[in-house]
Each structure stands twice: as structure tokens, then as C-alpha cells.
Engineer: 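My questions all concern the structure below.
Below, chains carry the letters A, B, ... as their sequence lines are ordered, and counting in each starts from 1.
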Amino acid sequence: MSDDADTTFRPPYRVEVTDRAADLHEAHGDLAAGEGSGVTATVAGRVMLLRDMGRLCFATLRDSSGAVQLMATAKGTERYDELTALNLGDWVVATGEVVRSKKGELSVRVERWQLLAKARRGFGDKWHGITDTDMRYRQRYADLWANESSRRVFQARSRIMSLTRRFLEDRGFMEVETPVFHPIPGGAMARPFVTHHNALDMDLYLRIAPELYLKRLVVGGFERVFEIARVFRNEGLSPRHNPEFTMLELYQAYADLSDMMEITEQLVAHLAREVVGSTVITYGGREVDLTPPWRRATLLELIEEHAGVRLDLDMPIDELRRVAADHGVEVDPAWGPGKLILEVYEKTTEAELWGPVFVTDYPKEVSPLARDHRSKPGMAERFEPIVAGRELGNAFTELTDPEEQRRRFEEQARAKAAGDDEAMVVDEDYLRALEYGLPPTGGLGIGMDRLVMLLTDTHSIRDVVLFPTLRPEVG
RNA sequence: GCCCCUCUAGCUCAAUUGGCAGAGCAACGGACUCUUAAUCCGCAGGUUCUGGGUUCGAGUCCCAGGGGGGGUACCA
């Protein structure tokens, strides 16, 4: 063997790691300073800090559970000089007795250890971490090990997804997976991404919503279904918009709007309790009380509260147009009264709604998949939960009548023909499914990324999406 | 799309009115047996995002381009 071969680093293929940092702190919390536990532990992780004192050396080792100190001595630690020569960021596995240092820090007193990976690239600043946003998003791997706050957000996201699944399963919902490739994009009003299937020689659309497939499943007899669906919308990027994002959609047979409200507020309150520790949370320095029940108010009431104007669907269209224009809406002559009212609401009211509130009674003109309101003509049975000035979701008592659904689709198709490229198209198979019979059904969609933002007090969707869409890197 | 802000060493940041491009940390070499962002000594580190321009002289001023951020439009 040459000298070269001797020094070439060959990582082990497998390492037996028996302990995690957080568990050691848990198990040895009562160990006194300067005492040994008599227990041997093997921990692995990244060397984050190194304090070399000559014949004694301390290192801060971090694993996915937290951090624990390594203590090494010239006398008691094998290859001591190599250990003190480690670089910040190197991965190691170390075995030794769990002790508490004289100064009180829980430590593994290293007897045996092994290098697992070298950090050949520069470490971020050990105090400031990495703050450059471009690097944080492009090199999330560096962000995650340099920045504690980033790790916490994604751990919270994972828990939110897991808790949501369990919450729904406990209520009798079944998780399903429906197609991402849609021959006809539907279930929402948005521009889709288009791709092409070679063998079938046909264009396919990446889904903008799973809605129509999920309701087909209710037709098929699955009475409570949900999907945590990645959806894709071909629109601009912003702090609140990533082209791919995650939506929870659920459908419950025999249920209506009121059931969807109850699920929404219970789910969000449950997640807040589990993730934040309270149903009263702080967002952007301001308090939000998510404790159920949430306020219910109609769209028209809220417009009156915030814009000081009383609107209704029967007003002369010219008057609605004038009110909209007065509030800074760029009025499209093709819009009907419902769209005008919605525009006024979005311009004047939505961002002002801090509280959790269920905004109800949306015009049916802008709700092509929702059932007619049981008592208010021209309105649909639809609500949006608004928290901290943002839509958290969207819910309806579903439209189940195939004849009415066909009329709504055709209405949309006319809008599309008139140039609205976000309008829906007629989905004949969906209509056929409705003809087999969809029972009364409540449906709910929740924007999970925004929910994670709310519960982690983050203000850009890029802070809650591990690898957000960015322009390609150059140079 | 449009408007505004921003880009300096591996990281975090300085550099007066245009006047020799610097510090801390990391890295590298060395000292140290209880440190906690260890400390101390030493050394090295640059296409100041790119390309033009103004000027005796540009990190700094001007123009164009690129990346990022924020706002705005569309949307969740």
C-alpha cells in the first residue's frame, strides 16, 4: 500500500448508531457536573463547533434530534490528533461514556470514533449561519444545517401533514391518490401547465386541483375521502405563490357547508395546539385566536363593514361597475354582478380580515362547482376561511345535479371562448359520473403551504417549500 | 409583465465627498486538560455579479444585462 492509499478517506458502508442527542439529554438529565453515568453511547452527526484545548477537546455534534457535546482527551481517545483536526461540518460517529463535564455540559467522552463524511465546502458563518436568501433557497441543504430556524419550520411542516392525516383518519376519512395528469384541467380557475404524452400523442395538463376526481370517488361509494395533493398552476411567483403547492381536499357524503366549517376550525385549532402549543398564536407580531367557533359572516356584510357600501346582486350592473371602479377595480365589461362584488371584496375587505372568519354566501356566478344557496337566489353555498388577511381555503356544499352542472360548465365555456383563459371547460366524464348520482356532499380545500406559514410565523411560501421554484442559476 | 431595493473573501459584514479593497468567523500553521460563538499567536484568502461608459482615478457615478428580495397585476 502506498502512502496515498493510507490517507485516502474511505467512509464505512454502514454505521451502528444507537443513540440520539435528544434522548441522551432526556435520559441523563439528572447527572451531576463532573460525574460519569457508566453508560456507553454511540452518537453520529455533524461537527458544528470544535474547541481544542491541547490535550482536551470539545466538539458540538448535531444530529436530527438536537446536539450533544463530544469530549475527547489525548489519553482516552483514539486518533486524538485526527479528531482535533476535524473541520466544522464533518460527519462523525463516536462512542464513549455519557458524562457531564465539570462545567455542566452533557457529553459523550469519546473512546472510539470514525469519520463518516468530510465537509469539503466552506461552512457558513458559525454564529450568523447563512442569511443570503438566494443561497438559502437554492442550497437548501446548506440552509438546513446552518440555520436552526429553517430546520424547525420544515419539522413543523412534516408534523402538520402527519397530524392532518391522523385527524382525518380518526374521523373516518380515507386517503386516496388521484391523477396528476389530467386530460381536461378542472376543479379550479387557473392556467395549467401542459405536457405531452408521446405514446398516446396527446397533451396532458398537470392538475390545478384534484376536486373532480375526488367527487367521482364519492359517486363510487367512498363516502369520506381526502387527498393531500401537489397541484400546479402556471402563474406568477410571489411570496404567497409557488407554481407547485400542496392542497388538502376532502369530501364528505351527506354533509354540507356547516360540517366543513366545523372540520376546518377543529383541524386548524388541533394543529395549532399540537405544533404551537396553543390555539392563540402570533403571526407577524400580532395575535390570532384560532379557538373555535370562528366567526361566520357573509361576503356582503363584510364588504359593508370594511368598504362602507351596501351591495347586492340585484343592483343595476352600471351601479356595481361604478362602485367597483371607485374602489380601484379595473372593471372588465364581461363581468356579471357576482364577479364585480367579489372583486370589490378582494380589493377592500379580504386583507383586512384578521380574525379567523368564515366568509359565506359567494355569488354563484363565481362558484361553478358549488350548489345553489338554499334560501338566497343567485348565491352559492360556499365559504372561505380567512385568517390573518389570507384565504386559507375554500369550501362548498357540492353541486350534485348533472343538469345544473352542465349549465354551469357551459357558462364557463362561454367565458373561455370570450377570452378568459382561466375559465373551466366542460368535463363530460365528470357529468356522466354525476348522472350516476352524487349524494349531498360537503367539500373543503385548504392551502397547506399557507397553513404552515400561519403556524410557523413565516411570511414567504419559499420559507415553507423545501425547494421553491427559482430562475435557473447562471454563471 | 411593470415599479422599487439589493449583489464586496467560503460565510457574516465594513470601506467619509470618487482617492492604496478591510474586519470577524471559517480554512491553513502553531500554543493550551473543562470549553460553550473557547482563547491566544501566525499565515493566506478578491474578475467588488457581468459587460460597457464618464473620470487622472470607479466597490462608489451613468447605461445595458443577470441573480435575489419587496411591491403591483393574475391567482391559492
Engineer: Indicate whether OP1 or OP2 belonging to B:U72 is found under 4.0 Å from a side-chain N or O atom of A:Lys347.
Structural biologist: no
Engineer: With no angle test and no hydrogens, is the base of B:C32 tied to the side chain of A:Asp52 by a donor-acceptor pair under 3.5 Å?
Structural biologist: yes
Engineer: Once you apply a heavy-atom cut-off of 4.0 Å, does A:Gly34 come out as touching a base, just sugar-phosphate, or nothing?
Structural biologist: nothing
Engineer: Both distances below 3.5 Å, Watson-Crick or wobble geometry, any strand: find the nucleotide opposite B:U72.
Structural biologist: B:G1
Engineer: Checking base pairs now: Watson-Crick or wobble, both atom distances under 3.5 Å. What partners B:C25?
Structural biologist: B:G10
Engineer: State whether the number of non-hydrogen atoms from other residues, nucleotides or ligands found under 6.0 Å of A:Arg79 atom CZ is greater than 12.
Structural biologist: yes
Engineer: Just checking, A:Arg157 and A:Phe154: is the charged tip under 6.0 Å from the six-membered ring centre and within 45° of the axis?
Structural biologist: no
Engineer: Counting heavy atoms from C-beta on, name the nucleotide in B:A38, B:G67, B:G70 closest to the side chain of A:Pro239.
Structural biologist: B:G70
Engineer: Between the base of B:G24 and the side chain of A:Asp125, is there a donor and acceptor pair under 3.5 angstrom?
Structural biologist: yes
Engineer: Are any of A:Asn87's side-chain N or O atoms less than 4.0 Å away from OP1 or OP2 of B:C28?
Structural biologist: yes
Engineer: Is any side-chain nitrogen or oxygen of A:Thr60 closer than 4.0 Å to OP1 or OP2 of B:U36?
Structural biologist: no
Engineer: A:Thr131 or A:Glu422: which one's nearest nucleotide on RNA chain B is closer to the 5' end?
Structural biologist: A:Thr131
Engineer: Who is the Watson-Crick or G-U wobble partner of B:C61, with both distances under 3.5 Å?
Structural biologist: B:G53
Engineer: Under a 3.5 Å cutoff, is there a donor and acceptor pairing between the side chains of A:Ser64 and A:Arg20?
Structural biologist: yes
Engineer: Distance alone, cut at 3.5 Å: any donor-acceptor contact between the side chains of A:Asp63 and A:Ser65?
Structural biologist: yes
